[in-house]
Amino acid sequence: MRMGLSFPLRRAPTIRQWLALLLAAFIVPTTIAVVALFLHSYARERAGIERASQDVSRALMQAIDRELSSARAALEALATSPSLDAHDLRAFQAQAIEVLHARPGNVLVASDASLRQVINTGLRFGTPLPPHGNAGEVRKVFDSARPMVSDLYLGPTVNRLLSSVDVPVVRDGQVRYVLSMQYFGERLGNIIERQQAPPGAAVTIYDGKDRIVWSSRALRAEVGRHAGSALAAGFALGPEGAVYEPGMDGAGVVTVFSRSSVSDWTVAIALQRGALNANLWHALEWIVVGGCALLVLGAALVTLIGARIEAALRGLVRPAIALGHGEQVVLPPLPLDEALDVGHALVQAAALLRERTVQRDEAECAERAVRNAKRAVERSEAFLRGIFEATPDGIFLVAPDCLVSRANAQAERMFGHAPSGLEGLALDALLVDSSAVPEPVCARLLTAPAHTGMAGTTRLRGVRHDGSTFPADAIANPLPERALLIVTVRDVSAGWEQEEALRQALDDKNTLLKELYHRVKNNLQLVISLFNLQARTLKDGRAQRALLEAADRVRAMSLVHERLYQSRTLGTIRLDDYVGELCAQLASAGSARQRGIALALDVAPVDVGLDLAVPLGLLLNELVSNSLKHAFPDGKRGTIWISLAKDPGEDREDPLLRLTVRDDGIGLPPIADRTSSQTLGLRLVDALREQMHATLVLENRGGACITLVFHAGRNGQRGASHMAAPE
């Protein structure tokens with residue numbers, strides 16, 4: 001059925017009109033942006049040219065400084081001439097002339113304390129010489145004994161303005177002469193001309209009083225003339241800068257300058273403002289061309305885009321009319337992706353209209369499927385209900401208020417209640433905590449992780465209907481869909497009895513083993529006391545020392561057993577605690593503190609068994625005792641370092657340990673003395689090494705250094721066997 005609809009039409013602006021407005025809105029800000037960019041680029045380019053000229057003036061000033069520093073170095077070298085010590089001025093003038101061969105254009109003058117010239121390389125020796133033309137500056141050099149670079153002054157022998165580098169000749173703390181290296185402006189101008197000055201720029205050197213020393217304009221008459229007032233004011237403001245000076249032709253000059261911190265001279269570069277502006281316009285002309293091209297390109301793009309948008313919208317008219325009549329929608333080629341999206345939406349709308357009838361049939365099929373699914377759910381509920389009732393454990397469904405909402409038949413039999421007699425009872429009335437600090441069972445189950453029982457951490461007891469109790473274990477599982485908690489209860493009476501028997505047997509075994517270690521430790525202490533008593537009765541020093549050494553070895557074994565019965569596991573000890581206490585006892589017995597001997601320990605916290613701790617303690621006892629006895633004779637002080645560390649990258653189950661005992665004493669004796677039959681300690685060390693399956697290295701590294709490398713797990717397996725079968 002087709003329906004005819006009519007709407008009143010009102011003319012609106014066309015796309016071309018909107019694009020014309022858009023083009024006008026684009027041209028105005030673009031023109032403003034191009035003008036702003038031009039002005040900004042003009043200022044930036046001018047600043048760049050001034051910075052480049054500033055860099056050139058700085059480089060030219062550095063070249064002048066290098067020349068003046070070179071002249072000063074040459075004068076300081078001549079000031080050390082022995083001819084001056086002997087007052088042989090003829091020989092010194094010959095030597096100065098030879099030095100000046102490498103510096104053509106320079107004249108060297110020597111003045112005495114009366115400020116008269118005694119040497120002038122520009123004249124033959126013996127020619128009468130006038131006083132120095134710069135007496136004030138030379139007097140300052142005599143008074144201060146410091147080199148100076150003078151400003152312009154009139155040379156009396158050449159009757160020209162020149163400058164000089166003045167260096168004092170000091171002998172016995174007094175200035176005997178002043179050597180002056182005189183420079184004409186042409187000499188410094190040659191240095192400037194060898195550099196790369198900006199083309200068309202005028203370079204001028206000014207002295208410390210702002211007078212022209214040399215100018216690239218090659219006008220000798222300008223030498224000695226003061227800088228203009230504007231430029232002099234710029235010199236006073238800072239060591240570097242730029243000054244604008246109006247010219248005779250009205251164009252003006254931009255002068256950039258750089259002053260030396262060595263001589264207080266200044267190099268200035270004058271740029272004609274007309275040439276500067278010409279360079280700037282040449283650099284910026286492409287910005288103007290680019291801005292105009294951008295405007296033309298923008299107008300062309302706006303026109304092209306408007307035409308494509310108009311064509312795309314006109315192409316959507318026929319598909320929209322076909323959709324209104326219920327006909328098949330066919331899309332023509334459209335030039336825009338957005339228009340294609342609208343066209344595809346029209347096609348989909350037509351397809352949706354056709355699908356409505358199909359959906360009606362599918363809804364009927366879905367209704368039949370829901371009825372079938374409901375019957376399947378009912379069968380599944382019946383199956384789950386059978387499992388709920390037939391499980392051998394008691395099951396409670398507990399509400400958030402800790403009241404039982406449902407229980408299976410096994411729970412009713414377990415707690416002695418009639419069918420449905422558990423519903424509505426509080427869970428805390430059925431399960432109670434019998435530990436020393438009881439806690440509400442329901443609150444504990446609500447916070448316990450899922451599938452986690454409470455046996456072993458909390459002793460639960462179930463309370464039957466007749467008041468009797470039984471050991472129980474409970475597992476809680478949340479049921480978020482129903483906001484319920486599933487609590488599974490099991491009678492664990494038989495398990496509790498076996499657990500109590502095992503716990504009692506373990507406590508009895510630990511008590512027996514602890515008593516065994518304690519008695520062994522006491523017996524070893526008795527043996528130590530017997531050794532000490534016997535040693536006091538002997539007069540033979542060797543026999544007495546032997547008994548005391550044996551007592552120390554037994555003390556090391558006694559300390560192992562003491563640490564074992566103090567250990568939490570009774571099967572292993574911590575090596576850092578054991579080694580620390582053993583070394584403290586050895587230091588006390590050897591009077592280490594009184595002798596000025598320090599023990600430095602760095603022991604890793606490693607747990608080892610009895611079979612490793614005993615030989616390791618005996619071996620450490622021998623090594624530390626040997627260092628205390630023999631490493632520091634005749635009252636020598638020093639340090640003994642004991643370190644025990646794991647080698648990186650080793651297996652965690654069987655780590656490789658490295659024991660190092662090192663001192664800064666006299667070192668180990670030769671091999672022949674070390675392996676003699678009298679060295680019982682080293683033979684005992686070797687036997688203990690074999691017992692530990694270890695590698696032993698003895699060497700001298702600024703003192704004795706003994707390194708023992710062994711596996712902890714390989715030895716600890718035998719130590720752990722004492723826990724399994726104590727003897």
Side-chain angles (χ1 to χ4, degrees), residues 541-557 559 575 578-604 612-647 656-712 715:
R542 293 184 59 187
Q544 191 179 44
R545 285 194 301 272
L547 285 177
L548 293 177
E549 291 175 357
D552 289 339
R553 294 171 183 133
V554 175
R555 185 177 292 106
M557 292 187 290
L559 184 58
L575 283 184
Y578 170 65
V579 172
E581 187 170 351
L582 177 61
C583 290
Q585 292 181 1
L586 293 175
S588 177
S591 302
R593 183 176 181 182
Q594 293 80 2
R595 295 166 55 194
I597 302 173
L599 272 71
L601 279 73
D602 183 12
V603 182
L612 179 59
V614 171
L616 182 62
L618 291 173
L619 190 145
L620 189 60
N621 178 81
E622 295 301 324
L623 297 179
V624 176
S625 299
N626 187 68
S627 293
L628 289 171
K629 292 175 183 178
H630 305 295
F632 307 101
D634 302 328
K636 183 179 179 182
R637 297 173 178 266
T639 305
I640 302 174
W641 291 274
I642 301 99
S643 67
L644 178 69
K646 295 181 181 180
D647 273 13
L656 185 67
L657 301 181
R658 184 179 300 272
L659 174 65
T660 304
V661 179
R662 180 173 62 87
D663 59 58
D664 54 359
I666 60 175
L668 294 170
I671 296 298
D673 296 339
R674 221 185 295 168
T675 57
S676 64
S677 60
Q678 296 179 358
T679 55
L680 174 61
L682 288 179
R683 283 188 286 137
L684 179 58
V685 168
D686 190 62
L688 294 171
R689 177 197 61 78
E690 292 182 358
Q691 180 181 350
M692 296 169 62
H693 305 285
T695 301
L696 184 67
V697 178
L698 292 84
E699 56 185 341
N700 280 318
R701 291 193 305 186
C705 181
I706 299 95
T707 304
L708 188 78
V709 182
F710 57 94
H711 281 275
N715 295 278

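This chain uses plain numbering: 1 for the first residue, then up along the sequence.
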Show your working on side-chain contact (heavy atoms from CB on, under 4.5 Å) between L657 and K646 and close with a plain yes or no.
CA-CA 5 Å; L657 301 181; K646 295 181 181 180; 3.7 Å; yes
For the residue pair [X] and [Y], what are the closest heavy atoms and their distance?
| X | Y | value |
| --- | --- | --- |
| L582 | N621 | CD2-N, 4.5 Å |
| L644 | F710 | CD1-CZ, 4.2 Å |
| A604 | A645 | CB-CA, 4.3 Å |
| R701 | C705 | NH2-SG, 3.0 Å |
| L601 | G580 | CD2-CA, 3.5 Å |
| G596 | R637 | CA-NH1, 3.1 Å |

Just how far is it from atom [atom1] of [X] to atom [atom2] of [Y], taken to the nearest 0.5 Å?
| X | Y | atom1 | atom2 | value |
| --- | --- | --- | --- | --- |
| L612 | H693 | CG | NE2 | 10.5 Å |
| S625 | H630 | OG | NE2 | 9.0 Å |
| E699 | R662 | CD | CZ | 10.0 Å |
| L684 | L618 | CG | CG | 6.5 Å |

Could you tell me whether the side chain of [Y] reaches within less than 4.5 Å of the side chain of [X], counting heavy atoms only?
| X | Y | result |
| --- | --- | --- |
| I706 | L708 | no |
| L616 | L575 | yes |
| V579 | L659 | no |

Check whether any side-chain N or O of D663 sits under 3.5 Å from a backbone N or O of G703 as a donor-acceptor pair, and report yes or no.
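Side chain of D663 to backbone of G703: no pair is present.
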Indicate yes or no for a side-chain donor-acceptor contact from D664 to the backbone of G638 under 3.5 Å, with no hydrogens or angles considered.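 Not confirmed, D664 side chain does not pair with G638 backbone.
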What residues, two or more places apart in sequence or in another chain, satisfy salt bridge (charged side-chain N to carboxylate O under 4.0 Å, His left out) together with [X]?
| X | value |
| --- | --- |
| D686 | R689 |
| K629 | E549 |
| R658 | D647 |

Do you know which of L620, L698, L619 makes side-chain contact (heavy atoms from CB on, under 4.5 Å) with V685?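 Of the listed options, the one satisfying the test is L619.
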